[in-house]
2 protein chains.
Amino acid sequence: MRKAATIRDVAREAGVSVAVVSRVLNDGTGPVAQQTRARVVDVIERLDYRPRAAARELQQRSATAVGLVLADLANPFFARLADRVVGEARARGIHVVLLTTLEDSHLEAESIETLIGRSVGSVIATPTGGNVDRWARLVELGVNVVFVDREIDELPEVDVVAIHNDLSAEVATRHLLDLGHERIAFISGPLSTSTGRDRVAGFKRAMGNAGKVADDRLIHAIPFRGDAGGDAVSALLALPNRPTGLIVGNTAQVRSALRRVKQMAVDVPGELSLVVFDDNPWTELVSPPLTVVRQPIDMLAMHSVDLAVGRLRGSLPEPPRRIRVEAEFVQRSSSAPRSS
Amino acid sequence: MRKAATIRDVAREAGVSVAVVSRVLNDGTGPVAQQTRARVVDVIERLDYRPRAAARELQQRSATAVGLVLADLANPFFARLADRVVGEARARGIHVVLLTTLEDSHLEAESIETLIGRSVGSVIATPTGGNVDRWARLVELGVNVVFVDREIDELPEVDVVAIHNDLSAEVATRHLLDLGHERIAFISGPLSTSTGRDRVAGFKRAMGNAGKVADDRLIHAIPFRGDAGGDAVSALLALPNRPTGLIVGNTAQVRSALRRVKQMAVDVPGELSLVVFDDNPWTELVSPPLTVVRQPIDMLAMHSVDLAVGRLRGSLPEPPRRIRVEAEFVQRSSSAPRSS
DNA sequence: TTGTAAGCGTTATCAA
DNA sequence: TTGATAACGCTTACAA
């Protein structure tokens, strides 16, 4: 275990001062003679020298890392988001410090604290909905925060990248209405999340527009984790007047809901038409293949990283941005006209 | 944007020297009077002070981060591994810098370079199989490297956590043999990865033990990404003498293989019995539910982090460890006795 | 029990 | 075009 070369080693070896080495390292910080540069580059190569990130960060405020605070990597939606974020970040020479909250605001608080100590210049996050003051403090400390997928109304100073959640839910609902369904149920995430609230709102609006009242017993705003999705399905199907359509408004709940539907041997779409949020590799592999609302993960990731890195480099206008990208409705075989 | 308090601010405010503050920060580094400590803690609280990670890392060799270099987060196996690793790391007060290689050794090289600059004390990785010298250099620089899931024979100085890949493949193969299958095909990852090699070896051994020769045309060692899995399925089913059993030896290939099987309207398990590597949330949701070899992801993650953090803290014995955990064979409905 | 001061490896500001 | 040198915020001998 030999120890790594420092900038001083390079300087000595090349017969120049550290300042010169620093300049060739950070191209354009100052003048360096063509010949000197060549010699230095050569020595850097030979000594296999890499500047230490910690020293750089200590010196300048500049950070080369962004924090990524995700709800749950076991959820394929977030996993793919992480995948794209890491990819986009790398393309910009930035690395990603990953933290997960498991939808728990205490863990989220812990993550925020952690991030304050690290010198991340920006944070991309899917907030749980709590910790408003802590997020605010992070912003206050000069960290650029970008919320993706979800948002927090009380924090207008952070950037947001998301789909139109209300609209997407409305489209999904109208799809079932158009198929002749009247009793339509909606399973959503907790109303403490913006996605939960917005999607339920879209659902209600679509029902209202069709002259129907959304029966409250058909709306389940339930936790993401655990088997709440399954239980909601059981409850819905135990109703005297069963719904014939069901929208599962959050990926996190699709698996448990679907498993319960299968366990109960309910015919899809014969007895129950199903529309779920978020497309992923297996939604078309199950039978029947699922009708889905597909979020454009690449776009979400790209814009998030653009904002996070842009603000890092100070190349973005002041006012926070709220970027909306289009979700896509993909009809497959889990939804069909209501059988009379 | 007010600027964060430093250790000096705390010292001044508490009327002590920075050394004292540092000591209360790193409990046990030196003596501090009970009363003084209380005062300092109080000020820290009031000023909302957090030590800057960069400064700490610069000073001591101690790093509070580990690098995680994964093949592909879009693959649920790796995503769940990441999830568990992040969780285990957080429990130990360590954060995770995430990088992905997309199975590309150039991107892997880039990741290694990045990690050299960051002061990560340890790296957990699923190596592509290349970059032997670069991994070696990382080790040489004193970074603790832990390979998980895969390994590289030429690097005996790194820790490894994995299942018995040969054995698992053998079990899967014997399962199909026991069901009466004679022509069994095996799709695996590239032989440049240890998992590819070991699983194919296990397959061959099981076939040999049963007195059968593994027909080379029934073994496809193919890339992870893209639709190679699908193409392999097509090739296999186009054979004059079709296999009646198929083992897909890598998660990354399951989806494309399965999709092709469905497209070709092959009856599973009627015409083709299927066993695939790695269990995940949807394997039991497709129809028929898949017979799988399940890797104990929690164990893989836990041991990896144990090793990574243990070496960081210097609390582990010198010789590198090769930890093997048990895979579990889970029979579901995609495999059945050969129909004569 | 506390304080002083010397680094850790960079970048940035001035002079030369 | 180059070189000293002072930060950056923290830890850690070593003194007091």
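The sequence lines fix the lettering, A, B, ..., with proteins before strands; numbering per chain opens at 1. What you see below is based on every heavy atom in this structure, not just the backbone, and it leaves out hydrogens, waters and symmetry mates.
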**Message:** Regarding Arg150(B) and Glu103(B), does a basic nitrogen lie under 4.0 Å from an acidic carboxylate oxygen?
**Reply:** yes
**Prompt:** Is a salt bridge present between Asp42(B) and Arg46(B), judged by a nitrogen-to-oxygen distance below 4.0 Å?
**Reply:** yes
**Message:** Can you give me the closest heavy-atom contact between Leu138(A) and Val123(A), atom names plus distance?
**Reply:** CD2-CG2, 4.0 Å
**Request:** Could you check how far CZ of Arg50(B) sits from C1' of dG9(D), rounded to whole Å?
**Result:** 16 Å
**Distance, rounded to the nearest Å, where Glu57(B) contributes CD and dT10(C) contributes P** = 14 Å
**Asked** Given atom CG of Leu47(A) and atom P of dG9(C), what is their separation to the nearest angstrom?
**Response** 14 Å
**Prompt:** Between dG9(C) atom P and Tyr49(A) atom OH, what is the distance in whole Å?
**Reply:** 10 Å
**Request:** Round to a whole Å and report the spacing from CD1 of Ile44(B) to P of dG9(D).
**Result:** 16 Å
**Item:** Nearest-Å distance for atom pair CG/P, residues Leu58(B) and dC10(D)
**Value:** 12 Å
**Message:** Does either side chain, that of Arg56(B) or that of Asn26(B), offer a donor lying less than 3.5 Å from an acceptor on the other one?
**Reply:** yes
**Request:** State plainly whether the residues Arg225(A) and Asp104(A) are in salt-bridge range, i.e. N to O under 4.0 Å.
**Result:** no
**Message:** For Leu70(B), run the side-chain contact (heavy atoms from CB on, under 4.5 Å) check against Asp149(B), Thr101(B), Leu99(B), Thr126(B) and tell me which one passes.
**Reply:** Thr126(B)
**Request:** Figure out the CD/P separation between Gln59(B) and dG9(C), and round it to whole Å.
**Result:** 10 Å
Tabulate protein N/O versus nucleotide N/O from nucleotides 2-4 of chain C, keeping only pairs under 3.5 Å, one per line.
| residue | atom | partner | partner atom | Å |
| --- | --- | --- | --- | --- |
| dT2(C) | OP1 | Thr36(B) | OG1 | 2.3 |
| dT2(C) | OP2 | Ala33(B) | N | 2.7 |
| dT2(C) | OP2 | Thr36(B) | OG1 | 3.4 |
| dG3(C) | OP2 | Ser17(B) | N | 2.7 |
| dG3(C) | OP2 | Ser17(B) | OG | 3.3 |
| dG3(C) | N7 | Arg23(B) | NH2 | 3.3 |
| dG3(C) | O6 | Arg23(B) | NH2 | 2.7 |

**Item:** Below 4.0 Å: OP1/OP2 of dT11(D) and any side-chain N or O of Arg56(B)
**Value:** yes
**Asked** Given axes from five pairs at either end, by how many degrees does the helix from dT1(C)-dA16(D) to dA16(C)-dT1(D) bend, rounded to 10°?
**Response** 40°
**Request:** Please determine if Asp9(A) and Arg12(A) form a salt bridge, counting it only when a charged side-chain N lies under 4.0 Å from a carboxylate O.
**Result:** yes
**Request:** Considering just the side-chain nitrogens and oxygens of Ser22(B), establish if one lies under 4.0 Å of OP1 or OP2 belonging to dT11(D).
**Result:** yes
**Item:** Salt-bridge contact Glu57(B)-Arg52(B) (side-chain N to carboxylate O under 4.0 Å)
**Value:** no
**Value in whole Å for how far the C1' atom of dG9(C) lies from CD1 of Ile116(B)** = 17 Å
**Message:** Is any side-chain heavy atom of Glu113(B) closer than 4.5 Å to one of Arg134(B)?
**Reply:** yes
